[in-house]
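One-based numbering, in listed order, for ligands and for the atoms of each.
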Amino acid sequence: MAKSKTQYYCQNCGAQFPKWMGKCSNCGEWNTIAEEAVSKNEPDKPWRSQNDKNPVLFNIQDIPAGQETRIITQNQELNRVLGGGLVLGSVILLGGEPGIGKSTLLLQVALQFNDLKVLYVSGEESASQIKLRAERLGIETDSCFVLTETQTHKIFKKAKEIQPHLLIIDSVQTLQSQLVESSPGSVSQIRESTSELIHFAKETNVPVVLVGHITKEGSIAGPKVLEHMVDVVLQFEGERNHLYRLLRAQKNRFGSTAELGIFEMQGNGLREVSNPSEVLISAKDHTLSGNAIAATMEGIRPMLIEIQALVSTAVYGTPQRSTTGFDIKRLNMLLAVLEKRAGFQLGAKDVFLNITGGIRVDDPAIDLAVICAILSSYENQALPDNCCFAAEVGLSGEIRPVNRVEQRVLEAEKLGYDVIFISKYNKINPGDFQIRVELLGTVGDLYRLMF
Ligand code: TYD
Ligand code: MG
């Protein structure tokens with residue numbers, strides 16, 4: 001009989017404690033520490049080769065470079081976010097709220113894998129449910145294998161048999177390793193199963209994609225503990241009621257984390273949105289005030305987005321400030337700049353700001369468009385519908401240059417805008433472009449030009 005032992009783990013951050021406590025001293029969460037049984041016996045790990053090899057020492061000069069080879073999937077948005085495809089032997093964690101479309105995305109990738117074999121392991125859905133979903137997606141293939149199993153050693157056994165080129169696990173919270181006694185979804189179980197999968201990936205060179213659930217309550221261990229272990233952490237997000245789903249890399253050992261993949265959820269699966277500017281700008285009504293277009297960048301991809309502002313007289317004593325898709329502190333800062341440097345009395349106004357399409361933008365280059373949208377709503381005067389903005393606004397009301405401005409200008413030109421407003425400190429020659437490029441120095445200049 002295995003001698004079993006218990007330990008206490010924080011279900012939120014995975015920290016380990018010798019005894020129970022009310023508050024995790026590591027992450028500060030209350031009531032997250034739970035007792036978990038840890039089995040002491042260690043049978044042979046099924047993925048590990050039998051003989052324990054002597055470790056090999058390399059001089060860094062002697063390691064052959066450029067060995068990372070990638071499998072290019074059919075999904076261009078996923079490829080872009082991964083930095084050019086799935087790196088062999090890498091472990092990718094795909095996180096996201098329930099119902100956002102993680103299983104749909106991965107099944108779609110699996111079905112489109114063409115001649116390469118995929119093993120899709122599901123611990124959540126039955127084989128017939130997966131078949132139903134595949135029918136809904138309407139893609140036919142004979143190289144996708146489905147396994148409904150949660151025991152890791154059985155998964156590795158099947159993987160040895162089938163020898164897939166890609167292993168998908170949906171989800172990591174359902175996995176169960178023989179080596180740990182605690183129940184699936186607990187921190188020690190997730191950690192052990194993942195480390196087995198990482199060994200599997202490194203030994204066989206098969207990329208592994210894990211689905212990880214996120215719950216706000218922390219009742220299931222969030223994939224936080226996993227983030228350090230895996231090579232790539234992808235986040236699938238979006239407002240459930242919006243059409244668009246965004247795929248971002250939070251961590252990527254093989255590429256940039258600045259890329260954004262955009263999908264649209266349709267009746268037959270996720271459609272890649274390869275030209276986001278066209279979909280993110282709603283059908284424009286020329287008579288509406290409070291709308292402005294910003295030329296922003298997501299990674300290396302320029303993208304035009306629409307900003308909407310509503311400024312109205314506050315009903316209560318304390319005016320409200322509310323945003324979707326934009327940092328509220330940044331909004332407060334911009335309002336203070338308008339008040340102090342340009343003399344607008346916004347202190348008694350409610351200000352609402354919305355980035356259309358349900359996306360979140362952190363690019364400071366949208367500041368100018370935000371200010372313009374606010375002023376347009378404040379003055380109740382629509383902006384001309386053929387102009388867009390790309391500049392940061394500083395604390396003294398100066399309009400500051402932004403990076404990759406040529407790309408932004410070219411994107412605006414490509415989409416048929418007539419004029420783009422940028423900072424006069426950006427070192428570009430307006431004569432190089434067909435679109436009219438207006439150079440601004442301060443918020444005051446902007447106001448005089450536009451209103
Ligand atoms: P799902 O992939 O099951 O989400 P997750 O695995 O992240 O929990 O997808 C959930 C939603 O997607 C579900 O509410 C239905 C919707 N959906 C579509 O709109 N079209 C489709 O073709 C599919 C397969 C799902
Ligand atoms: Mg799912």
### Task
Output yes when Arg330 and Asp367 qualify as a salt bridge under the 4.0 Å nitrogen-oxygen rule, no when they do not.
yes
### Query
Identify the closest protein heavy atom to atom 22 (O) of ligand 1: which residue and atom is it, and at what distance?
Gly269 N, 2.6 Å
### Query
Please state which protein non-hydrogen atom is closest to atom 20 (N) of ligand 1 and give its distance, to 0.1 Å?
Gln266 O, 2.6 Å
### Query
If you measure from the Lys or Arg side-chain nitrogens to the Asp or Glu carboxylate oxygens, is any gap between Arg80 and Glu77 under 4.0 Å?
yes
### Query
Strictly under 4.0 Å, does any heavy atom of His213 approach an atom of ligand 1?
no
### Query
Are Lys414 and Glu411 ion-paired here, with the side-chain N under 4.0 Å from a carboxylate O?
yes
### Summary
Atoms of ligand 1 under 4.0 Å from any heavy atom of Asn268, numbered from 1 in the order shown, are 22 (O)
### Query
Does any N, O or S atom in Thr104 come within less than 2.8 Å of the Mg ion (ligand 2)?
no
### Query
Should the proximity of Lys102 to ligand 1, defined as any heavy atom under 4.0 Å, be assigned to the side chain, the backbone, both, or neither?
both
### Query
Quick one: nearest non-hydrogen protein atom to atom 4 (O) of ligand 1, plus distance?
Gly101 N, 3.1 Å
#### Entry: Ring-ring centroid check Phe200 Phe156, cutoff 6.0 Å
yes
### Task
For atom 12 (O) of ligand 1, grab the closest protein heavy atom and report residue, atom and distance to one decimal in Å.
Met265 CE, 3.2 Å
### Query
How far is atom 9 (O) of ligand 1 from its nearest protein heavy atom, and which residue and atom name does that atom have?
Thr104 OG1, 3.4 Å
### Message
We want to know whether Glu196 and Thr152 form a side-chain donor-acceptor pair, criterion being a heavy-atom distance below 3.5 angstrom.
### Response
yes
### Message
To check your reading of the model: name the closest protein heavy atom to atom 6 (O) of ligand 1, its residue, and the distance in Å.
### Response
Ser103 OG, 2.6 Å
### Message
Going by the closest heavy atom to atom 10 (C) of ligand 1, which one wins out of Pro98, Gly96, Gly99?
### Response
Gly99
### Message
Nearest non-hydrogen contact with atom 23 (C) of ligand 1 belongs to which option: Glu124, Arg136, Glu97?
### Response
Arg136
### Query
Are any of the side-chain nitrogens in Arg408 or Asp363 under 4.0 Å away from the carboxylate oxygens of its partner?
yes
### Query
Does the pair Asp142/Lys117 count as a salt bridge with the N-to-O cut at 4.0 Å?
no
### Query
Between Gly267 and ligand 1, is there a nitrogen or oxygen pair with a distance under 3.5 Å?
yes
### Message
Under a 4.0 Å threshold between the charged nitrogen and the carboxylate oxygen, would Arg360 count as salt-bridged to Glu237?
### Response
no
#### Entry: Backbone N/O of Val230 and side chain of Lys251: donor-acceptor pair under 3.5 Å
yes
### Structural part of Arg133 in contact with ligand 1, heavy atom criterion under 4.0 angstrom
side chain
